[in-house]
Engineer: 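Sharing a structure, written as structure tokens. Questions coming.
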Amino acid sequence: MTVVVDPANPGFAQFPPDTIAFALRQASDADAHILSAEIVFKSEADVRRPGALAHEFGHALGLGHSPRTQDLMFPSTARTTI
């Protein structure tokens with residue numbers, strides 16, 4: 001697992017402008033083992049938000065977004081609790 005801050009990363013182009021991070025992972029086709037994962041943040045301040053880091057870690061593990069606003073995997077920077 002690698003966590004980096006790179007606001008110029010071209011991966012941000014596929015997301016809305018207010019996206020603060022994204023996660024990439026490489027999994028084995030044969031057995032779905034995660035071979036590598038990278039979380040890319042736009043700023044150092046966002047990395048230090050425990051909820052944001054935990055949310056992106058969930059993506060790195062393969063979790064998607066949740067429609068429930070109280071869930072960690074809800075896609076929002078407005079979340080105030082973990």
Side-chain angles (χ1 to χ4, degrees):
M1 170 74 65
T2 305
V3 178
V4 299
V5 175
D6 182 3
N9 188 299
F12 281 109
Q14 64 185 312
F15 299 106
D18 61 344
T19 299
I20 63 168
F22 65 91
L24 303 168
R25 70 184 171 104
Q26 180 182 10
S28 166
D29 290 336
D31 54 15
H33 280 93
I34 297 172
L35 303 174
S36 66
E38 180 178 47
I39 298 173
V40 182
F41 280 91
K42 277 188 181 173
S43 77
E44 194 70 38
D46 290 325
V47 174
R48 301 198 186 293
R49 294 176 46 218
L53 185 57
H55 177 94
E56 294 305 325
F57 189 74
H59 284 313
L61 292 175
L63 298 177
H65 284 137
S66 170
R68 296 171 17 130
T69 58
Q70 66 271 30
D71 290 349
L72 175 66
M73 294 309 294
F74 182 74
S76 173
T77 57
R79 185 186 313 100
T80 58
T81 60
I82 299 175

Engineer: Quick check: closest heavy atoms across Glu44 and Val5, and the distance to 0.1 Å?
Structural biologist: OE1-CG2, 3.6 Å
Engineer: Identify the two heavy atoms, one from Ala23 and one from Ile39, that lie closest to each other, and give their separation to 0.1 Å.
Structural biologist: CB-CG1, 4.1 Å
Engineer: Between CD of Gln14 and OG1 of Thr19, what distance do you get to the nearest 0.5 Å?
Structural biologist: 9.0 Å
Engineer: Checking side-chain contact (heavy atoms from CB on, under 4.5 Å) for the pair Val3/Phe57: CA distance, chi angles, key distance, verdict?
Structural biologist: CA-CA 9 Å; Val3 178; Phe57 189 74; over 6 Å; no
Engineer: Please state whether the rings of Phe12 and Phe22 are parallel, tilted or perpendicular, taking 30° and 60° as the class boundaries.
Structural biologist: perpendicular
Engineer: Is Phe15 reachable from Val4 through a run of I, L, V, M, F, W or Y residues, each pair having side-chain heavy atoms under 4.5 Å apart?
Structural biologist: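 Yes; tracing contacts between hydrophobic side chains, which count when under 4.5 Å, links both residues.
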Engineer: First locate atom CG of Leu35, then atom CD of Gln26, and finally report the distance between them rounded to the nearest 0.5 Å.
Structural biologist: 5.0 Å
Engineer: Tell me the closest heavy-atom pair linking Ala54 and Leu72, and the distance in Å.
Structural biologist: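 Taking Ala54 first and Leu72 second, the nearest heavy atoms are CB-CD2, 3.8 Å.
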Engineer: Flag yes if Leu61 and Leu53 sit in one hydrophobic cluster, no otherwise; membership is Ile, Leu, Val, Met, Phe, Trp, Tyr, and two members link when side-chain heavy atoms are under 4.5 Å apart.
Structural biologist: yes
Engineer: Do you know the tightest heavy-atom contact between Phe74 and His55?
Structural biologist: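 So the minimum-distance heavy-atom pair works out to O-CE1, 3.5 Å.
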Engineer: Let me confirm one number: the CE-CD distance from Met73 to Glu56, rounded to the nearest 0.5 Å.
Structural biologist: 7.0 Å
Engineer: Which heavy atom of Asp71 sits nearest a heavy atom of Ser66, and at what distance?
Structural biologist: OD2-OG, 2.5 Å
Engineer: Nearest 0.5 Å please: distance from the CE atom of Met1 over to the CD atom of Glu38.
Structural biologist: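 The CE atom of Met1 sits 10.0 Å away from the CD atom of Glu38.
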Engineer: Which heavy atom of Lys42 sits nearest to which heavy atom of Pro7, and what is that distance?
Structural biologist: O-CB, 3.4 Å
